[in-house]
Amino acid sequence: ISLGIPGIVDGSQGVVYQSPHFPDWDQLEVLSYFRQRFSCPVMMDNDANLIALGELWKGAGQGLESFLLLTLGTGLGGAIIINKQLFRGDSGFAGEFGHMVIEQNGFHCHCGSRGCLEMYVSATGIKELILHSEDSGKEAFLKKAGQDLDHLTIERVHQLTLEGDIFGHALFRTMGHALGVGIASLVNVLGTFHVLIGGGISAASDFFLPTAEKEISSRSYRETARRVKILKCRLGDNAGLIGGASR
């Protein structure tokens, strides 16, 4: 059994210290719970780490020495592959790209900080952008969606944008701006130029990646920006399963 869990996870100890999407999970010993109930081997890791391992083994990361992975879903997960190995940091917590601050006084985040990248580049972030938008097209957009904000899905936002909704286009451009700022910061610090993008929101990448690429170019050295290559993940929802199997 392979468990992929979002948040601050120590897989070797089997402990979830904090998970923004599961607020009651505070130093929860998950691995021992499963091992007591199943006779087969059980392992645990951060969910984005498993996705990165899957893409490294059987997906878009094949043949790459190093890459960064960003998963755009309910939140924003991240992972770092260096020399074909997962970089974990001192305690296994590395790769929390979603919680790097891009707006000093920005939206409050579930992690306890504010202005985190996740709050602009995720399904949660899209809802925050809509909530705080003063664009005159917001109400018409929500009416057209036929859903209130709590029940609005990223798939519906994508569909309306495909149909030409101007507010939807603006949302994705804003998201692309934030994503580009985040990626530029990451490649400037780490010097790793291949960036894999996955998760459910990546299906709408045509609407936000061009803006992200412009931001990367404007916020990096010319030679750094020239070398950055953004690739789409290949394994879809199976990436974490395949990553778990690779262990």
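With rounding to the nearest 0.5 angstrom, the CE atom of Met175 is 8.0 Å from the CG atom of Leu209. Rounding to the nearest 0.5 angstrom, the gap separating the CD1 atom in Ile154 from the CG atom in Leu72 is 9.5 Å. Here Arg114 contributes atom CZ and His108 contributes atom NE2; the two are 4.0 Å apart, rounded to the nearest 0.5 Å. Considering CZ of Arg173 and CZ of Phe207, their distance stands at 10.5 Å, rounded to 0.5 Å. Between Ile216 atom CD1 and Ile183 atom CD1 the span is 4.5 Å, to the nearest 0.5 Å. Here the straight-line distance linking atom CZ of Arg35 with atom SG of Cys40 works out to 10.5 Å at 0.5 Å rounding.
Within the 4.5 Å cutoff, no side-chain heavy atoms of Ile81 are placed close to those of Glu55. Taking the side chain as every heavy atom from C-beta outward, Ile5 and Asp47 never approach each other to under 4.5 Å. You'll find the side chain of Lys138 stays beyond 4.5 Å of the side chain of Leu149, heavy atoms only. In this structure, His110 and Pro23 have side chains that are not in contact, with every pair of non-hydrogen atoms separated by 4.5 Å or more. Residues Val101 and Ser113 meet the side-chain proximity criterion, which asks for heavy atoms closer than 4.5 Å. Considering only heavy atoms from C-beta on, Leu179 comes within 4.5 Å of Leu70 through its side chain. Using a 4.5 Å cut-off on side-chain heavy atoms (C-beta onward), Ser202 and Cys233 make no contact. Residues Leu64 and Leu196 form a side-chain contact, since some pair of their non-hydrogen atoms from C-beta on lies under 4.5 Å apart.
Tyr17 and Met44 are not part of a single hydrophobic cluster, where members link through side-chain heavy atoms under 4.5 Å apart. Note on Leu31 and Ile8: separate hydrophobic clusters, where clusters join Ile, Leu, Val, Met, Phe, Trp and Tyr whose side-chain heavy atoms are under 4.5 Å apart, directly or indirectly. Using a 4.5 Å cut-off between side-chain heavy atoms of Ile, Leu, Val, Met, Phe, Trp and Tyr, with links allowed through other members, Ile102 and Leu171 fall into the same hydrophobic cluster. Under a hydrophobic-cluster definition in which Ile, Leu, Val, Met, Phe, Trp and Tyr are linked whenever side-chain heavy atoms come within less than 4.5 Å, directly or via other members, Leu162 and Leu152 are assigned to the same cluster. Clustering ILVMFWY residues whenever any of their side-chain heavy atoms sit less than 4.5 angstrom apart, transitively, puts Leu231 in a cluster other than the one holding Phe208.
For Gln62 (side chain) and Leu56 (main-chain N/O), no donor-acceptor pair under 3.5 Å exists by modelled atom type. For Ser218 (side chain) and Glu215 (main-chain N/O), a donor-acceptor pair under 3.5 Å exists by modelled atom type. With Ser66 contributing its side chain and Thr192 its backbone, the two residues share no donor-acceptor pair below 3.5 Å. Distance alone, capped at 3.5 Å, is enough to place a donor-acceptor pair between the Glu118 side chain and the Leu76 backbone. A donor-acceptor pair under 3.5 Å is formed between the side chain of Asn46 and the backbone N or O of Gly7. Not one N or O on the side chain of Thr74 forms a donor-acceptor pair closer than 3.5 Å with the backbone of Ala123. In this structure, the side chain of Thr211 does not engage the main chain of His177 through any donor-acceptor pair within 3.5 Å. Judged purely by atom type and a 3.5 angstrom limit, Lys127 uses its side chain to pair as donor or acceptor with the backbone of Asp150.
Relative orientation of the Phe107 and Tyr120 rings is parallel, given thresholds of 30° and 60° on the angle between their planes. Under the 30°/60° scheme for interplanar angles, the aromatic rings of Phe141 and Phe167 are found to be tilted. Phe172 and His158 have perpendicular rings, their planes meeting at more than 60° on a 0 to 90° scale where under 30° would count as parallel.
Between Ala48 and Thr71, the closest heavy-atom pair is CB-OG1, 4.4 Å. Of all non-hydrogen atoms in Ala184 and Arg219, the two that sit nearest each other are CB-CB, 3.8 Å. Of all the heavy atoms in Arg234 and Gly59, the pair that sits closest is NH1-O, 3.4 Å. Contact between Ala79 and Leu86 at its shortest, heavy atoms only, is CB-CD1, 4.3 Å. Between Phe22 and Pro6, the closest heavy-atom pair is CE1-CG, 4.0 Å. Between Gly98 and Cys116, the closest heavy-atom pair is O-CB, 3.3 Å.
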List the steps and the verdict of side-chain contact (heavy atoms from CB on, under 4.5 Å) for Leu50 and Ser2. CA-CA 9 Å; Leu50 292 183; Ser2 177; 3.6 Å; yes
Begin from the C-alpha positions of Phe97 and Leu68 and carry the test side-chain contact (heavy atoms from CB on, under 4.5 Å) through to its verdict. CA-CA 10 Å; Phe97 302 155; Leu68 308 176; 4.3 Å; yes
Audit row: Glu29, Val15, side-chain contact (heavy atoms from CB on, under 4.5 Å) steps and yes/no: CA-CA 5 Å; Glu29 296 186 2; Val15 178; 4.2 Å; yes
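Around the NE2 atom of His132, the shell of radius 6.0 Å holds more than 12 heavy atoms that belong to other residues, nucleotides or ligands. By the 6.0 Å contact criterion, CG on Asn188 is enclosed, its count of non-hydrogen atoms from other residues, nucleotides or ligands being greater than 12. Applying the 6.0 Å contact sphere to CZ of Arg37 captures more than 12 heavy atoms from other residues, nucleotides or ligands. For Glu65, the CD atom is densely surrounded, since the number of other residues' heavy atoms within 6.0 Å is greater than 12. Within 6.0 Å of CD1 on Ile1 lie more than 12 heavy atoms contributed by other residues, nucleotides or ligands.
Under 3.5 Å, the side chains of Gln159 and Glu155 contain no donor-acceptor pair of N or O atoms.
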List the atom pairs, donor and acceptor, that lie under 3.5 Å between side-chain atoms in residues 239-247 and the rest of the protein, sequence neighbours left out.
from   : atom 1 : to     : atom 2 : distance (Å)
Ser246 : OG     : Gly243 : O      : 2.6
Arg247 : NH1    : Asp45  : OD2    : 2.9

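Ion pairing between Arg227 and Glu223 holds under the 4.0 Å rule for side-chain N and carboxylate O.
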